[in-house]
Amino acid sequence: MALATDGATYRYDGSTWAPTGDLAQTPGAASGPLTGNHQLSCVRPDVCMAIDGGAVSYRFDGASWSSAIAVPGAEPLQAIGCAPGGTCVTVDGIGDAFVTEGSGWSSALNGWGAAVSISCVRSTFCAAAGVGLSVWNGSYWTKPAAIDGTALLTGLSCATATSCVAIDDEGNAVVLDGTTWAAPQRVGGSARPVLTGVSCAAPGRCVAVDASGAVLRDAGGKWSRPTVLAPRQALRAVSCPAVDACVAVGNAGDAFVLRG
């Protein structure tokens, strides 16, 4: 599934893209991918959640999108992540967190700061990247831990509850192996790519994209050099449902399918 900044959505079936409708526009919602406020999380064909920059969410049931679902007490939402079982969590611009099991959102839980990316592997484990790394245990978020010096975290993906990769705007990847976050590792050789998205289909098997239109692959902790897919646009997101199948999207509306 892909989400455009005008609220249009598109679904890929393995060979073609087809429109799946527009999200209802929220008055005053921020626009543009650089805000970080247009996000979606799809973990099954019938479980997708999206946010558009307002204090509302939208759910896709496999056939169509719902109307706007209010998140009571929330400021404009910043990031959202869903687990395969259907639990979804979101964080707003002042750091308050909310959770849903599919039929309405909780009231605000403890908040520690805005998040740019959330990755969930089950209802009792999500990780959020923002001012630091926070972990959701099903009841509350831990206070963010600084793991990457002064760099700005820009993305996060967890393959399991003990294997996650966070990326930053200085070309570093930070790996969770078990319960310990390793020191930042430069990817892309001597370059300093502004990494914008990452997806890990399995531990040690991740793909990252950057603002220069390049893709980088991780194979057991060894990152490839950048391969440029879109020389005239930034790649903004990537999703890998399997280790040999990924889709990356750029800020000019192009999508790239990676196989093998």
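As the structure is a prediction and not an experimental result, all values here were calculated from the model.
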>> Could you check whether the SG atoms of C164 and C200 sit less than 2.5 Å apart, since that is the cutoff I want to apply?
In response: no
>> Strictly under 2.5 Å separating the two SG atoms? Check that for C240 and C246, please.
In response: yes
> Side-chain donor-acceptor pair under 3.5 Å between Q78 and D92, yes or no?
Replying inline: no
> Run the disulfide (SG to SG under 2.5 Å) check on C120 and C126 step by step: do they pass?
Replying inline: CA-CA 4 Å; C120 300; C126 297; 2.1 Å; yes
>> Within a 6.0 Å radius of atom OH on Y12, are there more than 12 heavy atoms belonging to other residues, nucleotides or ligands?
In response: yes
> Side chains of W136 and T124: closer than 4.5 Å at any heavy-atom pair?
Replying inline: no
>> Determine whether E75 and D96 satisfy the following criterion, side chain to side chain contact (heavy atoms under 4.5 Å, CB included), listing intermediate values before the conclusion.
In response: CA-CA 8 Å; E75 297 294 324; D96 286 335; 6.0 Å; no
> Given the rule in the side-chain hydrogen bond (donor to acceptor under 3.5 Å, both in side chains) test, do S15 and D13 qualify, once you have shown the distances and angles that lead to the verdict?
Replying inline: CA-CA 6 Å; S15 59; D13 65 5; 3.1 Å; yes
> Side-chain donor-acceptor pair under 3.5 Å between T142 and S134, yes or no?
Replying inline: no
> Are the gamma sulfurs of C48 and C82 separated by less than 2.5 Å?
Replying inline: no
>> Less than 6.0 angstrom separating the ring centers of W17 and Y10, yes or no?
In response: no
> Can you check side chain to side chain contact (heavy atoms under 4.5 Å, CB included) on N137 and F125, steps first, answer last?
Replying inline: CA-CA 5 Å; N137 67 2; F125 183 87; over 6 Å; no
>> Which heavy atom of D61 sits nearest to which heavy atom of D46, and what is that distance?
In response: O-CB, 3.4 Å
> Just wondering, do R205 and D218 contact through their side chains at under 4.5 Å, heavy atoms?
Replying inline: no
> Which is it for S119 and S157 under the side-chain hydrogen bond (donor to acceptor under 3.5 Å, both in side chains) test, yes or no, and what are the steps along the way?
Replying inline: CA-CA 5 Å; S119 181; S157 181; 4.5 Å; no
> Hey, mind stepping through V209 and V238 against side chain to side chain contact (heavy atoms under 4.5 Å, CB included) and telling me if it holds?
Replying inline: CA-CA 7 Å; V209 293; V238 62; 3.9 Å; yes
> Between the main-chain N or O of T180 and the side-chain N or O of D177, is there a donor-acceptor pair closer than 3.5 Å?
Replying inline: no
